[in-house]
Amino acid sequence: MEIKFQNTLTRKKELFKPLSPPKVTMYACGVTAYDESHLGHARAAVVFDVLFRFLRYVGFEVVYVRNYTDIDDKIIKRAHEVGVSPKELAERYIKSYDEDMRALKVLKPTYEPRATEHIPQIIALIERLIEKGFAYVVDGDVYFSVEKFPEYGKLSGRNLEELKAGARIAVSDKKRHPLDFALWKVEKPGEPSWESPWGRGRPGWHIECSAMAMHYLGETIDIHGGGLDLIFPHHENEIAQSEAATGKPFVRYWLHNGMVTVGREKMSKSLGNFVTIKQMLSRHHPEALRLFLLSMHYRSPLDYTEKVVGDHEKALEGFYETLFLIEKLEATEEKAPEGQKKNLAKIQELVENFENNFLSALADDLNTAKAIAALFTLEKGLNNLLKLCARKASRDHVILAQKGKSLAVKLAGELLGILEESPESFIENKRAKGLSNRALNRDEVEKLIKEREEARKAKDFEKADAIRDDLAKKGIILRDTPWGTFWKVEYEPSS
RNA sequence: GGCGGCGUAGCCAAGCGGUUAAGGCGACGGUCUGCAAAAUCGUUAUUCCGGGGUUCGAAUCCCCGCGCCGCCUCCA
């Protein structure tokens with residue numbers, strides 16, 4: 001299968017050819033552990049998680065690294081505010097992020113290195129840069145000299161002149177050029193520090209990614225991912241440091257995800273318009289969240305509204321209900337009726353095309369929106385099939401339905417991380433949650449449903465309808481199927 | 001100001017030069033149902049922000065304009 005990615009570096013969609021197949025090396029920028037993570041962080045994590053899953057699925061041996069920044073200005077500042085050590089603070093939020101990732105079913109990367117555990121590698125890289133004349137020491141600080149690296153700006157499409165003109169960064173008389181950036185920062189009182197050839201201090205932000213990427217993945221890596229907002233200066237600086245040190249291309253494919261927005265404005269800590277992952281998880285199923293995050297092509301901005309997340313919640317529920325009904329199917333006939341042959345052939349074709357449609361969507365620059373559309377098309381086919389079986393299911397029907405179901409579950413599960421629960425328990429959990437949200441008693445609800453079924457059998461429709469209306473007022477929705485009455489708690493958008 | 005991106009039905013959104021412009025949510029009508037719900041079938045963009053141009057052919061490429069967003073400072 002041909003895999004293509006839009007490469008930020010070349011601004012083109014390119015055929016993906018790993019440096020040494022079947023191995024693929026991949027690095028994604030994780031988080032700075034100084035606060036709870038929000039939906040924007042979740043998007044980045046989920047997008048690159050799907051990329052990781054996809055590459056593995058098609059047969060690559062993927063080594064995936066996602067770092068934690070556990071030492072930096074913001075951590076130190078926050079730690080002082082809260083009154084704990086920076087190490088403790090970072091520890092706390094790394095743990096919290098891990099919880100979020102687990103809940104969101106983001107697979108564990110191969111390595112999750114922390115900056116503070118790679119000080120020797122960082123120092124070695126800085127020494128290499130100093131030796132080669134790309135970095136200089138001033139009073140215990142070490143800076144990278146951007147003017148020594150002629151290609152500086154190639155990722156973000158800028159040049160030094162432009163950058164200098166628009167520079168908003170504080171002028172420092174220590175730096176030779178305003179855009180020179182710190183590789184190593186001299187120790188300040190009350191801050192964590194490590195021994196180095198330039199005295200005690202701590203690493204700058206950008207250097208950790210270069211050092212750790214090279215340490216785990218080699219001097220040239222296949223894929224590097226991160227948010228669009230990291231292109232400049234973070235990724236630009238990573239390129240400069242790494243390529244200056246090694247003389248080799250650092251990254252072959254740069255992939256960047258778009259921002260999550262709120263009212264079309266970037267979700268961010270500073271604007272205060274963020275929702276934490278934990279808040280989202282308290283009101284939505286993790287798979288609904290994944291579905292929402294993957295409903296849009298990863299490069300585009302994704303606007304967050306509760307309504308749209310709710311739409312995906314409903315869509316997910318519909319899917320599980322289809323799967324649930326398929327599980328209930330039992331063949332009572334040997335062959336499907338002649339008259340259904342044409343319809344069945346159509347569904348058969350749909351099922352057979354699904355895998356290819358789904359995978360080729362992902363192979364085309366990870367088009368998850370299109371892959372999800374393929375999934376819905378399959379669902380529609382399966383619902384059609386269920387309809388055909390409503391009266392009499394044959395072996396033909398059941399085999400086809402189960403084939404469709406297992407394909408959907410396999411691909412959606414392994415690649416998108418959705419539809420991984422048993423339909424039965426998904427529906428039960430939903431019910432349990434809905435019941436408790438509405439403070440309803442399950443036995444009572446079930447008793448009423450039974451009573452209504454009795455009434456229906458006795459053709460006492462007045463009573464049956466009264467019960468249904470009563471339940472509806474409480475938020476219980478009934479559905480009479482050939483297999484009995486199915487019920488669920490009405491979806492309630494949270495405020 | 002510089003660089004990059006976006007603008008497709010009521011809403012979300014795919015589309016990457018060539019048969020009838022995916023899909024989801026919503027709305028309307030038919031089927032199913034005792035009636036509903038769900039499902040299903042059909043309808044809901046003769047047209048892709050506006051204006052030019054290239055081409056046999058453009059939502060897709062180019063130019064101009066309008067609107068929105070991101071980056072240029074820490075940020076997924």
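All chains are named by letter (A, B, ...) in the order of the sequence lines, taking the proteins before the strands, and each is independently numbered beginning at 1.
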Which one, [options], comes nearest to the side chain of [X]?
X: A/V308; options: B/rA76, B/rG34, B/rC12; result: B/rC12
X: A/M259; options: B/rU40, B/rA76, B/rG24; result: B/rA76
X: A/R468; options: B/rA14, B/rG34, B/rA76; result: B/rG34
X: A/K74; options: B/rC74, B/rA14, B/rG23; result: B/rC74
X: A/A373; options: B/rC25, B/rG34, B/rG23; result: B/rG23
X: A/S300; options: B/rC35, B/rC16, B/rA14; result: B/rA14
X: A/K387; options: B/rG15, B/rA76, B/rU40; result: B/rU40
X: A/H297; options: B/rA14, B/rG24, B/rA76; result: B/rA14
X: A/R264; options: B/rA76, B/rC35, B/rC68; result: B/rC68
X: A/K380; options: B/rC16, B/rA76, B/rG24; result: B/rG24

Taking atom [atom1] in both [N] and [M], what distance in whole Å separates the two?
N: B/rA9; M: B/rG15; atom1: P; answer: 16 Å
N: B/rG52; M: B/rG10; atom1: P; answer: 24 Å
N: B/rC11; M: B/rU20; atom1: P; answer: 27 Å
N: B/rA21; M: B/rG51; atom1: C1'; answer: 23 Å
N: B/rG18; M: B/rG42; atom1: C1'; answer: 29 Å
N: B/rA38; M: B/rC25; atom1: P; answer: 11 Å
N: B/rG50; M: B/rC32; atom1: C1'; answer: 47 Å
N: B/rU8; M: B/rA45; atom1: C1'; answer: 8 Å

Quiz item: [X] side-chain donor-acceptor pair to [N] base, under 3.5 Å:
X: A/K314; N: B/rC25; result: no
X: A/R11; N: B/rG4; result: no
X: A/D311; N: B/rG26; result: no

Test salt bridge (charged side-chain N to carboxylate O under 4.0 Å, His left out) applied to A/K430 and A/E287, A/E490, A/E313, the passing residue: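 In the set A/E287, A/E490, A/E313, the residue that makes a salt bridge (charged side-chain N to carboxylate O under 4.0 Å, His left out) with A/K430 is A/E313.
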Distance below 4.0 Å between [X] side-chain N/O and [N] OP1 or OP2:
X: A/K370; N: B/rA13; result: no
X: A/N159; N: B/rC3; result: no
X: A/R158; N: B/rG1; result: no
X: A/N384; N: B/rC41; result: yes
X: A/N257; N: B/rA76; result: no

In terms of ring plane angle, is the pair [X] and [Y] parallel, tilted or perpendicular, where the classes change at 30° and 60°?
X: A/Y64; Y: A/F52; result: tilted
X: A/Y97; Y: A/Y68; result: perpendicular
X: A/F144; Y: A/F181; result: parallel

Salt bridge A/K95-A/D98, side-chain N to carboxylate O under 4.0 Å: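 No.
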Using both distances under 3.5 Å as the test, list the Watson-Crick or G-U wobble partner of [N], or none.
N: B/rU19; answer: none
N: B/rC28; answer: B/rG42
N: B/rG4; answer: B/rC69
N: B/rA14; answer: none
N: B/rC74; answer: none
N: B/rC48; answer: none

Please report whether the ring centroid of A/F426 lies less than 6.0 Å from that of A/H285.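 A/H285 vs A/F426: aromatic centres under 6.0 Å.
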For A/H206 and A/E321, take the nucleotide of RNA chain B holding the closest heavy atom to each; which residue's nucleotide lies nearer the 5' end?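 Going by which nucleotide is closer to the 5' end, it is A/E321.
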If you find the nucleotide of RNA chain B closest to A/D72 and the one closest to A/R452, which residue's nucleotide is nearer the 5' end?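 Its nearest nucleotide lies further toward 5', so the answer is A/R452.
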Under 4.0 Å, heavy atoms only, any strand: does [X] hit a base, just the sugar-phosphate, or nothing?
X: A/R78; result: nothing
X: A/G40; result: base
X: A/K266; result: base
X: A/D480; result: base
X: A/V47; result: nothing
X: A/G310; result: nothing
X: A/I231; result: nothing

Taking side chain to side chain contact (heavy atoms under 4.5 Å, CB included) as the criterion, tell me which of A/H38, A/R43, A/M267 meets it with A/Y304.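 Only one of A/H38, A/R43, A/M267 forms a side chain to side chain contact (heavy atoms under 4.5 Å, CB included) with A/Y304, namely A/M267.
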Face-on cation placement of A/R66 at A/F48 ring, 6.0 Å and 45° thresholds: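 Checked: cation-pi criterion not met.
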Taking the six-membered ring of A/F486, is the NZ or CZ of A/K328 close enough (under 6.0 Å from the centre) and on axis enough (within 45°)?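 No, A/K328 does not lie over the aromatic ring of A/F486.
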Rounded off to whole Å, could you give me the NE2-to-P distance for the A/H256 and B/rA76 pair?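 After rounding, the gap between these two atoms is 12 Å.
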